[in-house]
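Notes for the one structure printed next.
Lettering follows sequence order; numbering is per chain, from 1. The structure displayed is predicted, hence computed values, not measured ones.
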Amino acid sequence: MDLHYLDATPTEAERAAVDALLGSPEGGNGLDPGTVHGHGDAHNGGHPNGSGPFPAHGAAHGNGSAHGNGTRDGRDMLLPALHAVHDRIGWISQGALNHICRQLSVPPADAYGVASFYALFALRPRPSRVLHVCTDLACKANGSSELCDRLEQSFGPAGTAVDGMTWQHSPCLGACERAPAALAFEAGDPARTQLLAPAGTDEIEESARSGPADADREPPARESVPQAGDPELRLLHRVGVVDPDSLDDYRAHGGYIALRNALRAGPAEVIKQVTDAKLMGRGGAAFPTGRKWDSTASQPVRPHYLVCNADESEPGTFKDRILMEGDPFSVIESMTIAGFATGCAKGYLYIRGEYPRATRRLANAIAQARERGFLGRSIMGHEGVDFDIEIRRGAGAYICGEETALFNSIEGYRGEPRSKPPLPVEEGLFGKPTVVNNVETLVNVPLILIEGGEAYARIGTERSTGTRLFCLSGTVARPGLYEVPFGTTLRELLDLAGGVPEERTLRAVLLGGAAGGFVRPGELDLPLTMEGAQEAGTTLGSGVVLVFDDTVNLPAMLLRIASFFRDESCGQCVPCRVGTVRQEEALQRMAGGKAPPDGDDLALLREVGQVMRDSSICGLGQTAWNAVESAIDRLGTLSKGGPA
Amino acid sequence: MTVVDLGLPRRLVDVTLDGETVSVPEGSTILDACTAVGTSIPTLCYGDTLRPANACRVCMVEVEGSRTLVPSCSRKVTEGMVVRTDSERTRHSRKLVLELLGSSADLSTTPHVAEWMEQYQAKPERFGPPDPPADDHDERPPGEHEEPDGTTAATVQQPAKVDNDLYVRDYGKCILCYKCVDACGEQWQNTFAIAVAGRGFDARISTEFANPLPDSECVYCGNCIEVCPTGALSFKKEFDMRAEGSWDESRQQQTTTVCTFCGVGCNLTLHTQDNEIVRVTSPHDHSVGHGNLCIKGRFGWEHMQDSRRPAEESTEPTTGQA
Ligand SMILES: Cc1cc2nc3c(=O)[nH]c(=O)nc-3n(C[C@H](O)[C@H](O)[C@H](O)COP(=O)(O)O)c2cc1C
Ligand code: SF4
Ligand code: SF4
Ligand code: SF4
Ligand code: FES
Ligand code: FES
């Protein structure tokens with residue numbers, strides 16, 4: 001490959017940001033793929049380990065595990081390098097991109113295609129201070145428009161650059177239990193971030209003027225878990241109880257007993273226990289975890305990879321964030337067990353870019369675990385048991401939660417889903433057999449290894465075993481993360497959260513998120529199980545329970561859902577790329593009382609919905625019409641004569 | 001039949017196509033099998049010299065046991081597979097895909113599309129009057145868009161990019177089939193001058209930072225033009241002739257000859273209208289280039305033709321029009 005580069009040169013600051021991550025060309029680091037593979041020390045060129053808000057890469061690099069064995073010429077460092085520039089400067093110039101491309105031997109047009117895929121990156125000059133204001137479902141139901149009004153009055157419409165800052169609308173920030181939410185970002189060395197939630201109008205104006213304050217002023221994770229401290233809790237039993245930054249405290253609360261059991265039992269026995277437990281994936285598709293592990297473990301091709309999916313961008317979902325912030329070591333221990341069972345020496349934890357605090361906590365947990373022999377070589381003294389974890393940060397793309405899009409994102413390509421077959425267990429990350437599991441799925445594993453698969457399976461129902469995390473938000477008295485056994489009814493869950501505020505009536509519940517479906521107030525006896533939800537024509541999805549009372553403008557919610565899918569479509573296939581646009585246009589006409597060009601917009605919507613469902617490549621397009629369809633069919637939203 | 005011949009005897013696989021049992025070599029796609037028995041299926045992003053991109057979804061068929069429809073251009077047949085190419089579900093999908101494409105891009109120079117639209121009774125205009133051309137497509141950021149009111153249908157209409165003498169990029173006709181990117185990149189040319197940029201409906205083919213072609217890595221091999229199924233990429237000559245209304249394929253002839261610029265032996269097909277070369281393609285089944293050429297083979301005639309015109313002497317390399 002004979003690559004040509006732009007004439008543009010980087011500024012000193014841009015060069016420094018890239019070289020801190022990749023090593024400087026003069027030092028000979030990062031240029032020759034031969035020196036990069038296998039020994040990550042090559043990249044350790046003076047990265048300020050742990051000093052920024054995102055020490056993840058530095059931490060991972062410091063241990064010589066920077067590169068997956070399957071990487072090609074370091075292309076997988078493209079996304080981290082783009083982050084490095086963006087964190088330091090606030091936008092990515094031609095010169096900076098060119099410098100990255102030379103360092104990694106990536107064609108500039110390709111790198112531009114990748115950088116322009118992610119919503120968090122700016123490719124034209126932008127002020128270093130940016131305020132991302134969530135205008136998604138839960139925040140819309142809790143006054144995000146007032147925040148936007150205030151910002152518009154004070155600083156002009158979204159996107160205006162004024163006084164060294166700008167603000168913009170954001171999809172769900174994964175902080176819906178504290179809606180309305182905003183994320184303040186300020187580029188620099190180090191970059192700073194702060195989640196403002198709930199955000200008041202004065203507070204948000206102040207933050208826009210002075211930039212993010214110390215992020216640790218955010219309320220502790222336990223404030224998001226109303227049941228915190230309840231001895232019945234299983235997945236959440238340490239959240240709000242342990243010090244999330246202390247390995248010792250984690251161990252004092254039962255941490256690393258499960259890994260010890262696993263190492264004694266051996267990989268086959270671990271997989272058997274997980275299979276006996278009938279653990280099903282919590283990331284949305286509810287696939288049996290034991291089966292997935294077994295098919296990966298038995299693949300002769302090496303290496304195998306483990307990916308922990310912490311992209312969590314389904315609107316209304318915040319469970320994984322709370323697990324990672326409140327009990328980060330359990331995520332690391334669970335990944336280690338999964339890696340051991342499936343024959344992976346390397347695990348990637350892919351976390352959405354909007355989760356700085358969780359990223360920091362996890363990076364700290366990884367560093368401590370490594371230092372104390374719970375990661376790295378000969379784990380817990382077991383000769384030959386090697387496993388390490390690298391964190392990769394997303395950059396604002398819901399689609400990167402789709403497992404094959406996630407592989408492309410890690411590898412340094414556009415986050416476009418791949419065609420299946422082949423399945424990830426055969427050809428996944430870097431073309432190798434790969435296990436992908438959601439954060440919540442993984443943190444069930446230590447429970448199984450402590451009490452045994454059969455005992456675990458006795459909780460919940462016959463087919464939906466164990467407990468499930470539900471993210472309650474919207475117009476509910478006590479929003480937050482709740483843990484209940486499968487089989488609990490929706491009514492019981494809503495009661496736990498205090499129902500809708502006094503003097504108001506329940507209008508609808510969105511179950512499963514934007515890709516899920518609406519449930520009517522008359523259907524609250526629905527048992528929360530995979531099969532119960534399926535029978536009711538919806539899904540538990542990622543555990544979203546978005547509650548809407550009679551003050552909520554439901555058509556506005558539908559418009560937001562349609563707008564979300566249009567924004568988040570990767571654009572690869574026609575049914576989704578154009579279908580999501582036509583869906584939004586038709587809904588806008590219906591909501592605005594405009595004449596349908598084809599006589600009947602509802603019929604048009606159904607036709608477009610059908611082709612998205614039948615012919616889209618991935619789950620995004622295939623489900624983009626679900627919630628809209630259920631609102632129209634079950635709630636009568638937007639129908640003539642029905643409730644508006 | 002157009003099953004790729006690997007030169008080795010291959011096991012045969014029995015599949016049922018629209019009720020009839022067909023035996024095709026293992027490794028064939030459903031599309032291969034359909035072609036073998038004369039069942040025609042529309043394709044757009046499929047390319048005979050490229051790996052399937054699976055992007056356009058116009059070729060979807062129904063396979064028993066599959067929750068969704070499957071792309072026939074890439075899905076390999078398996079023993080006992082039951083395929084329906086003309087069920088109501090596949091017809092609906094094809095109709096809608098054609099409508100979605102036709103309502104968003106200018107398909108006036110895409111071969112076969114008019115026929116297919118009629119066959120499937122597709123009416124792209126039913127989504128409303130198309131948005132007029134806009135010149136900000138290259139700058140649209142991912143993850144946000146201006147809220148529509150539904151009175152017009154969003155399109156990719158935009159002014160053609162005429163930034164060099166050899167070829168024109170008219171992305172208002174682009175269906176984002178990925179073929180040009182694949183031909184320019186690792187599958188053939190290894191130049192990587194263009195890539196898909198942006199996201200969602202605003203995804204587009206672009207050089208880095210949307211720089212003009214002369215400031216990009218493009219080496220003007222024209223292999224992207226060769227594979228473009230829509231006419232979004234075309235020779236400047238063709239673009240100009242279409243603009244002045246003189247382009248007329250019924251008056252064109254094609255002659256295939258060996259390129260004489262070097263010793264590699266690429267085949268050139270010269271398209272002439274009124275004794276003038278108006279386009280150069282290359283046969284995809286030719287063992288040397290598989291449809292790919294370099295700047296000399298693809299565009300050298302322009303130079304020869306222009307410099308020769310006053311003197312009318314040399315016959316190389318444009319022997320075809322002699
Ligand atoms: C558009 C889309 C977005 C997704 N986002 C996520 C996500 O953020 N987190 C997640 O765990 N799974 C997500 N998934 C599901 C993953 O593809 C995959 O099924 C899951 O991570 C497997 O883990 P599990 O078996 O533990 O559930 C998404 C799927 C689609 C189609
Ligand atoms: S369905 Fe949508 S998100 Fe998925 S591949 Fe197609 S365009 Fe991309
Ligand atoms: S002419 Fe050749 S080098 Fe230029 S964009 Fe097309 S394929 Fe790439
Ligand atoms: S320019 Fe042509 S080849 Fe390239 S993506 Fe568009 S339609 Fe396909
Ligand atoms: S944080 Fe705003 S909707 Fe989730
Ligand atoms: S031709 Fe099969 S998906 Fe485009």
### Query
Just checking, is any N or O donor in the side chain of A/Ser409 or A/Tyr118 under 3.5 Å from an acceptor N or O on the other one?
yes
### Task
Search all heavy atoms of A/Phe185 against all heavy atoms of A/His86 and return the closest pair with its distance.
CZ-O, 3.9 Å
Carboxylate-amine/guanidinium contact [X] [Y], below 4.0 Å:
{"X": "B/Arg169", "Y": "B/Asp163", "answer": "yes"}
{"X": "A/Glu411", "Y": "A/Arg418", "answer": "yes"}
{"X": "B/Lys76", "Y": "B/Glu26", "answer": "no"}

Are any side-chain N or O atoms of [X] and backbone N or O atoms of [Y], one a donor and one an acceptor, separated by less than 3.5 Å?
{"X": "B/Thr155", "Y": "B/Ala105", "value": "no"}
{"X": "B/Ser108", "Y": "B/Asp106", "value": "no"}
{"X": "B/Asp215", "Y": "B/Pro212", "value": "no"}
{"X": "A/Glu568", "Y": "A/Tyr398", "value": "yes"}
{"X": "A/Asn98", "Y": "A/Cys101", "value": "no"}
{"X": "A/Ser116", "Y": "B/Gly198", "value": "yes"}

Heavy-atom pairs under 4.5 Å with chain A: which of [options] has the most?
{"options": "B/Ile194, B/Val58, B/Leu101, B/Thr151", "answer": "B/Leu101"}
{"options": "B/Cys45, B/Ser104, B/Cys177, B/Gly150", "answer": "B/Gly150"}
{"options": "B/Lys123, B/Glu125, B/Met60", "answer": "B/Met60"}
{"options": "B/Ala195, B/Pro52, B/Pro71, B/Ala55", "answer": "B/Ala55"}
{"options": "B/Val97, B/Val181, B/Val70, B/Leu176", "answer": "B/Leu176"}
{"options": "B/Ala203, B/Ser206, B/Gly128, B/Ala153", "answer": "B/Ala153"}

Contacts table for residues 557-566 of chain A: side-chain donor-acceptor under 3.5 angstrom, sequence neighbours left out:
residue  : atom : partner  : partner atom : Å
A/Arg560 : NE   : A/Asp136 : OD1          : 3.1
A/Arg560 : NH2  : A/Asp136 : OD2          : 3.1
A/Arg566 : NH1  : A/Glu584 : OE1          : 3.0

Name the region of [X], side chain, backbone, both or neither, that has any atom closer than 4.5 Å to a heavy atom of chain B.
{"X": "A/Ala595", "value": "neither"}
{"X": "A/Ser93", "value": "backbone"}
{"X": "A/Phe121", "value": "neither"}
{"X": "A/Ser616", "value": "backbone"}
{"X": "A/Arg582", "value": "side chain"}

Heavy-atom distances under 4.5 Å only: say whether [X] touches chain A with side chain, backbone, both or neither.
{"X": "B/Leu100", "result": "both"}
{"X": "B/Ser93", "result": "both"}
{"X": "B/Lys95", "result": "side chain"}
{"X": "B/Ser216", "result": "neither"}
{"X": "B/Arg75", "result": "side chain"}
{"X": "B/Arg204", "result": "side chain"}
{"X": "B/Glu139", "result": "both"}
{"X": "B/Pro141", "result": "neither"}
{"X": "B/Ala154", "result": "both"}

Let's test your reading of the structure: which of [options] forms the most heavy-atom pairs below 4.5 Å with chain B?
{"options": "A/His169, A/Arg414, A/Arg589", "value": "A/Arg414"}
{"options": "A/Gln588, A/Arg124, A/Gln622, A/Met590", "value": "A/Gln588"}
{"options": "A/Ala591, A/Gly592, A/Pro575", "value": "A/Pro575"}
{"options": "A/Asp598, A/Asp614, A/Val578", "value": "A/Asp614"}

#### Entry: Verdict with reasoning, A/Arg126 to A/Gln168, per side-chain hydrogen bond (donor to acceptor under 3.5 Å, both in side chains)
CA-CA 12 Å; A/Arg126 180 167 79 175; A/Gln168 58 189 50; 3.3 Å; yes
### Query
Under the side-chain hydrogen bond (donor to acceptor under 3.5 Å, both in side chains) criterion, do A/Arg613 and A/Asn626 qualify, and how do the steps go?
CA-CA 9 Å; A/Arg613 188 171 286 163; A/Asn626 284 6; 3.0 Å; yes
